[in-house]
Amino acid sequence: MPTISAEPYEFQFDPATTALIIIDMQRDFLEPGGFGELLGNDVSQLRSAIAPIQTVLAAVRAAHMLVIHTREGHRPDLSDLPDAKKARGHLSCGIGDAGPLGRVLIRGEYGHDIIDELQPLPGEPVIDKPGKGSFHATDLHSILANRGIKSLIVTGVTTEVCVHTTVREANDRGYECLVLSDGVASYFPEFQAVGLKMIAAQGGIFGWVAPSANLLTVLQHSLV
Ligand code: TIU
């Protein structure tokens, strides 16, 4: 079984039962004018995750492993948008409103889609999720179960919001999660650091953490 050097101890996985999940690498979070910037964030903070995810994505595709993409967003009629989420932050331009990248966080809009660098290939499932977690109100668990997936390699944004929520949901559903420390990013450097610590602390209370290089070394060897 391939074994990756990780915190708090080695992560063992079978590529046939492991999926890469790329969480919410959308223009709305990474590009100026999107939801992330409208919330008051410096969106340039998230760009560090792009290159590591690109490299991992290529290696995982070459290993014929399952790749899952997620996008946070809502139906154009806002029927899946809780009042509490719409109201949060008292934004003058918030979810559903017309913004520089189209209607903010709305499915089908330019800002809602995945950044050019990480566009899905045909056949790779894209999970449209209304919440922060990737399991809530989606068919992700069903798709993973039907493919016999037991472990997740987790990347995307933001570390302490959608990545954490998804890892916590996955952990309670019995998945083993390896979070790639350079493949996730936060608008807040201190949240990035402590968010990663919180996953691997207490013997791996939510999962494992490792830099993408540790995964790449193992994938390259297991392909030879
Ligand atoms: N605001 C923030 O940090 N994140 C989100 O709203 N969504 C995700 O993390 N995808």
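Remember, predicted model here, so these are calculated numbers, not experimental data. Just follow the structure's listing: the first ligand is 1, and inside any ligand the first atom is 1.
- Legend: side-chain hydrogen bond (donor to acceptor under 3.5 Å, both in side chains) pairs involving residues 86-102, not counting sequence neighbours, sorted by first then second residue: K86-D97.
- For S134 and T166, the side-chain atoms include at least one donor-acceptor pair closer than 3.5 Å.
- Contact record, I53 with G156: CD1-N, 3.9 Å, taken as the closest heavy-atom pair.
- Contact shell of ligand 1 (protein heavy atoms, cutoff 4.0 Å): D24, F29, L39, E72, K132, V157, T158, V161, C162, Y187.
- With D28 contributing its side chain and G34 its backbone, the two residues share no donor-acceptor pair below 3.5 Å.
- In the displayed structure, D77 atom CG is contacted under 6.0 Å by more than 12 heavy atoms of other residues, nucleotides or ligands.
- Heavy atoms from other residues, nucleotides or ligands lying under 6.0 Å from CZ of R147 number 12 at most.
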